[in-house]
Amino acid sequence: QIHMIKFGDLNWGDSLGQGTFTRIFKGYKTDFRDGEKHMTEVILKELDSAYKNCWESLFEAASLMSQISHKHLLHVYGVSVHGSQNIMVQEFVKYGALDLYLKRGTSVSVSWKLSIAKQLACALNFLEEQNIVHGNICAKNLLLAREGDPSLGSSPFIKLSDPGISVVMMGNDVILDRIPWVAPEVLDAPDNLTLECDKWSFGATVWEIFNDGNSPLRGWNLDQKRNFYENMHQLPPSQWTELADLIAQCMDYDAAFRPSCRSIIRQLNSLITSDYVILHATEPVTQ
Ligand SMILES: Nc1cnc(-c2cc(N)nc3[nH]ccc23)cn1
């Protein structure tokens, strides 16, 4: 049910960097609609030939995302296979990955951050309703389609990218390196990804959004990361107690205690209307 795209219909542009086992290029796909030639901006994700055996997992991730459509889920046009090249063709999202956008130091307001968190919660709620586990929720996989302009009062708009190659295909080191986004229970059973795992990752992603895109536990080695879970540590809490509480609820070591998406959305709505937002309208840019 995933669309197969003819390699000849793809035009390759600049390299935009690397994903996990993939190279990312800007590009265009040609298609003919009502007798006219259309060039659509796309992202081409080419799987490194060394990881050919992961193609099936990448293909599954693409199929998953192309089966469902939602305004906050990245659109996957299809895949193209050309000799040893395996390519996923995705919609191009103008401002790219949220973690890089935040790291570039663009100063954004608390309500901007809450708006992003709520959009991600809505995407997760939609996936939960379809009983679909994403498995790789993180700021790197949030793409910014619209910056939002505080002076115009227009809010940002994000799209959740595909999960990429499943952790099931990865070695234990890659799973450990995904601490603190990967839920603790995944370390013991990587092939048992549940909806609750996405809630844990949601908590870590909200932490990133409110920490200017800085990676939590940045620079820690795999042993330190393993100890973080073995000692059941939590990420440094925000000064905003209600936000810290929501993150801690999502990052509960007991999956059964993590809140439902409905509860997450309700709590975000109450944060959005709280006085804290007015008091911290535009955070001073911390250099
Ligand atoms: N589905 C996607 C994925 N990545 C982008 C993107 C946009 C941009 N401005 N710079 C980038 N640099 C690397 C990737 C990227 C766009 N759309």
Side-chain angles (χ1 to χ4, degrees), residues 2-5 7 9-31 38-48 51 54-55 57-81 85-108 112 116 119-120 122-124 126-127 132 134-149 154-166 178 181 201 205 208-209 212-215:
I2 191 163
H3 182 51
M4 299 303 289
I5 297 169
F7 186 77
D9 290 343
L10 298 175
N11 304 272
W12 295 73
D14 299 334
S15 163
L16 287 177
Q18 315 266 329
T20 321
F21 315 136
T22 60
R23 272 187 296 280
I24 297 174
F25 297 85
K26 173 79 182 291
Y28 294 86
K29 79 177 174 74
T30 315
D31 37 21
H38 291 261
M39 301 285 274
T40 312
E41 266 189 328
V42 295
I43 279 286
L44 301 169
K45 273 191 177 177
E46 185 194 6
L47 181 64
D48 292 348
Y51 299 98
C54 296
W55 170 242
S57 176
L58 198 69
F59 190 92
E60 264 165 39
S63 316
L64 173 124
M65 295 296 280
S66 60
Q67 267 162 8
I68 48 179
S69 84
H70 184 271
K71 62 182 178 176
H72 290 309
L73 291 182
L74 181 76
H75 181 66
V76 173
Y77 291 109
V79 292
S80 182
V81 180
Q85 283 183 291
N86 294 311
I87 300 138
M88 188 198 303
V89 185
Q90 309 179 332
E91 80 173 285
F92 178 77
V93 180
K94 190 161 188 275
Y95 298 96
L98 183 66
D99 65 327
L100 294 180
Y101 183 84
L102 292 173
K103 281 173 187 153
R104 267 181 232 123
T106 328
S107 84
V108 290
W112 192 96
I116 299 271
Q119 292 175 38
L120 174 56
C122 292
L124 275 195
F126 176 74
L127 290 173
I132 290 175
H134 185 276
N136 194 5
I137 307 287
C138 58
K140 185 164 59 64
N141 279 336
L142 290 182
L143 298 163
L144 192 62
R146 198 174 63 214
E147 284 187 290
D149 181 332
S154 72
S155 50
F157 198 90
I158 51 113
K159 293 193 176 248
L160 176 60
S161 183
D162 66 286
I165 293 159
S166 149
R178 285 211 183 155
W181 292 272
S201 310
T205 305
E208 288 185 275
I209 294 166
D212 306 330
N214 291 321
S215 298

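Counting convention: from 1, in listed order, for ligands and their atoms alike. Remember, predicted model here, so these are calculated numbers, not experimental data.
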What closest approach, in Å, do I165 and R178 show between heavy atoms, and which atom pair accounts for it?
O-NH2, 4.1 Å
My understanding is that only residues two or more places apart in sequence, or in another chain, count here; which of them pass salt bridge (charged side-chain N to carboxylate O under 4.0 Å, His left out) with K71?
none
Closest heavy-atom pair and its distance - A139, T205:
N-CG2, 3.7 Å
Does the plane of the ring in W55 sit parallel, tilted or perpendicular to the ring in F59? Use 30° and 60° as the thresholds.
perpendicular
Between ligand 1 and the protein, which N/O pairs fall short of 3.5 Å?
from, atom 1, to, atom 2, distance (Å)
ligand 1, 1 (N), Q90, OE1, 3.1
ligand 1, 1 (N), E91, O, 3.0
ligand 1, 9 (N), K94, O, 2.7
ligand 1, 17 (N), V93, N, 2.9

Should the pair W12 and F25 be assigned to parallel (<30°), tilted (30 to 60°) or perpendicular (>60°) ring geometry?
perpendicular
Between F126 and I68, the two heavy atoms sitting closest are CE2-CB, 4.0 Å
